[in-house]
Amino acid sequence: MVTHVPAPGGFEVPLWRAVAVFRVASLAYVCVVVARDADRYAHPLAAGALVLVMAAWTVVTAFGYAAPARRGWPLLLADLGLVVAILLVTPWVMGREALDAGLPTLAIAWLSGPVLAWAVSGGRRRGVTAALVIGGTDLVTRGMVTPTAINGTILMLLAGVVVGHVARLAVRAEQRLQQAVELEAATRERERLARDIHDSVLQVLALVSRRGEHLDGEAGELARLAGEQEAALRALISDAGPRATDGPVDLRELLGRYASASVSLSTPATAVPLPPRVAHELAAATGAALDNVARHGGGRAWVLVEDEDSTVTVSIRDEGPGFAPDRLTEAVAQGRLGVAQAIRGRLTDLGGTATISSVPGSGTEVELTVSRRRNP
């Protein structure tokens, strides 16, 4: 099955088309108003020429903003600059008498085009910036503050805020859809590989492990290794693939990689969510404890995860030879800081505790506890 990934910027395309439609509709309104009031202008022919300029620029922006590569600052600044220029020459074209009589300025609603374009391209702040520039220029060219001018500026500010907000929501929605599509594709591929591996490699490893688990010598060692690799491979293919890193992480998934024929993992039936850093550091400390078990001949190990309301505790117990209570202190004094840094150091940084208990001949137990109330 082919998974289609949306093209970058695809969610913004309808917004840019809406801006182009607005420019055309507002230009049509400009034509109606100019045709109605041309006889009251000081320079009617100049007004007609400005309408032609606005029409030509409407076509230019329609094609310019249609391509993502052309939606940069050159076109945005040119768009804003042209509207400002039209507003500045409006008093000469219309004449002060027409403006004092309350006639609409030449650009009318068409001057809001750059506000919408800036809002779609950069969000609320850009939209508000363009609205303030155009609204301020409009007030200056009128030479007086009228309710109509104030209302027009406020409407442009509202348009910049609303359209900019919708544009940013569209960008975030597209990013999340992209992540979801990639996750689905990765999950499907992992499931396909898992089926193929289950039908071949896992069955062979399981067969070798069962047939040789009671044998001695090299055959028994081979069966034990086959069992460990089977467990590790099952944990690998059961992983759901890439996940978002900005939310809580299920500690069970991180500890699942350590499960094997010689390591038994017991976890709650439900997720054990922790902040990403806490979960990864706690899992790393658990891995360091299991490395010590393997290094010092601890034999089988048992890992237990306990999820309480305010704390999460991971206990690692082995059936190894154990050690004397003062051995860890001697190791630190001799400069061997493996346990101190890899286990206790991590838990200290997290604001948690690491308790190590051991009796010669009775194995070792490591208890790692972190609090949910801290968020390092």
Verify side-chain hydrogen bond (donor to acceptor under 3.5 Å, both in side chains) between Gln175 and Gln179, making sure each step is shown before the conclusion.
CA-CA 6 Å; Gln175 292 172 347; Gln179 294 173 355; over 6 Å; no
For Trp57 and Asp79, run side-chain hydrogen bond (donor to acceptor under 3.5 Å, both in side chains): C-alpha distance rounded to whole Å, both residues' side-chain angles, the deciding distance at 0.1 Å, then the answer.
CA-CA 8 Å; Trp57 189 247; Asp79 195 5; 2.9 Å; yes
I would like to know whether Val120 and Val19 meet side-chain contact (heavy atoms from CB on, under 4.5 Å); could you show each step before the answer?
CA-CA 9 Å; Val120 174; Val19 173; 4.1 Å; yes
Kindly indicate, with the supporting measurements, whether the criterion side-chain contact (heavy atoms from CB on, under 4.5 Å) is fulfilled by Ile86 and Trp110.
CA-CA 11 Å; Ile86 291 175; Trp110 188 83; 3.9 Å; yes
Please report the C-alpha distance between Arg372 and Asp307 in whole Å, then the side-chain angles of each, then the deciding distance to 0.1 Å, and finally whether the salt bridge (Lys or Arg N to Asp or Glu O under 4.0 Å) criterion is met.
CA-CA 10 Å; Arg372 277 207 172 91; Asp307 185 6; 2.7 Å; yes
Please lay out, stage by stage, how Ser266 and Trp302 fare under the test side-chain contact (heavy atoms from CB on, under 4.5 Å).
CA-CA 8 Å; Ser266 299; Trp302 292 265; over 6 Å; no
Stepwise side-chain contact (heavy atoms from CB on, under 4.5 Å) check, Thr267 with Leu304
CA-CA 6 Å; Thr267 63; Leu304 172 64; over 6 Å; no
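The pair Arg317-Glu365 does not meet the salt-bridge criterion, since no charged nitrogen lies less than 4.0 angstrom from a carboxylate oxygen. Salt bridge annotation for Arg142-Asp100: absent, with no cationic side-chain nitrogen under 4.0 angstrom from a carboxylate oxygen.
Using a distance-only test at 3.5 Å, with no hydrogens or angles considered, no donor-acceptor pair links the side chain of Tyr258 to the main chain of Ser264. Side chain of Ser358 to backbone of Gly363: a donor-acceptor contact under 3.5 angstrom is found. Remark: side-chain polar atoms of Arg23 are not paired, donor with acceptor, to backbone N or O of Ala55 under 3.5 angstrom. Put simply, the side chain of Arg17 never gets that close to the backbone of Ala66: no donor and acceptor are under 3.5 Å apart. Panel note: side chain Arg168, backbone His165; no donor-acceptor pair is recorded below 3.5 Å. Asp318 places no side-chain N or O within 3.5 Å of a backbone atom of Arg300 that could act as its donor or acceptor partner.
Environment of CZ in Arg70: crowded, with over 12 heavy atoms of neighbouring residues, nucleotides or ligands closer than 6.0 Å. Residue-environment remark: CZ (Arg40) stays at or below the threshold of 12 foreign heavy atoms within 6.0 Å.
The two residues Val51 and Leu27 make their nearest non-hydrogen contact at O-CD1, 4.3 Å. Closest of all the heavy-atom pairs between Ile343 and Ala354 is CG2-CB, 4.1 Å. The minimum heavy-atom distance between Leu274 and Ala279, with the atom names listed, is CB-CB, 4.0 Å. Across all non-hydrogen atoms, the minimal contact from Ala62 to Ala20 is CB-CB, 4.4 Å. Scanning all heavy atoms of the two residues, the minimum distance from Leu76 to Trp118 falls at O-NE1, 3.1 Å. Of all the heavy atoms in Leu106 and Met54, the pair that sits closest is O-CE, 4.2 Å.
For the atom pair CG (Leu290) and CD1 (Ile316), the distance works out to 6.0 Å, reported to the nearest 0.5 Å. Between the OG1 atom of Thr364 and the CD1 atom of Ile356 there is a distance of 8.5 Å, given to the nearest 0.5 Å. Taken to the nearest 0.5 Å, the CG atom of Asn151 stands 11.0 Å off from the CE atom of Met156.
Checked by atom type, the side-chain pair Ser121/Arg126 shows a donor-acceptor distance below 3.5 Å. Thr311 and Thr369 share no side-chain donor-acceptor pair at under 3.5 Å.
Residues Asp37 and Pro104 form a side-chain contact, since some pair of their non-hydrogen atoms from C-beta on lies under 4.5 Å apart. Between Val272 and Val312, the closest side-chain pair of non-hydrogen atoms falls below 4.5 Å.
In terms of hydrophobic clustering, with Ile, Leu, Val, Met, Phe, Trp and Tyr side chains grouped at heavy-atom distances under 4.5 Å, Leu82 and Val84 are assigned to a common cluster.
Taking the six-membered ring where tryptophan is involved, the planes of Trp16 and Tyr65 are essentially parallel, since the angle between them stays under 30° and well short of 60°.
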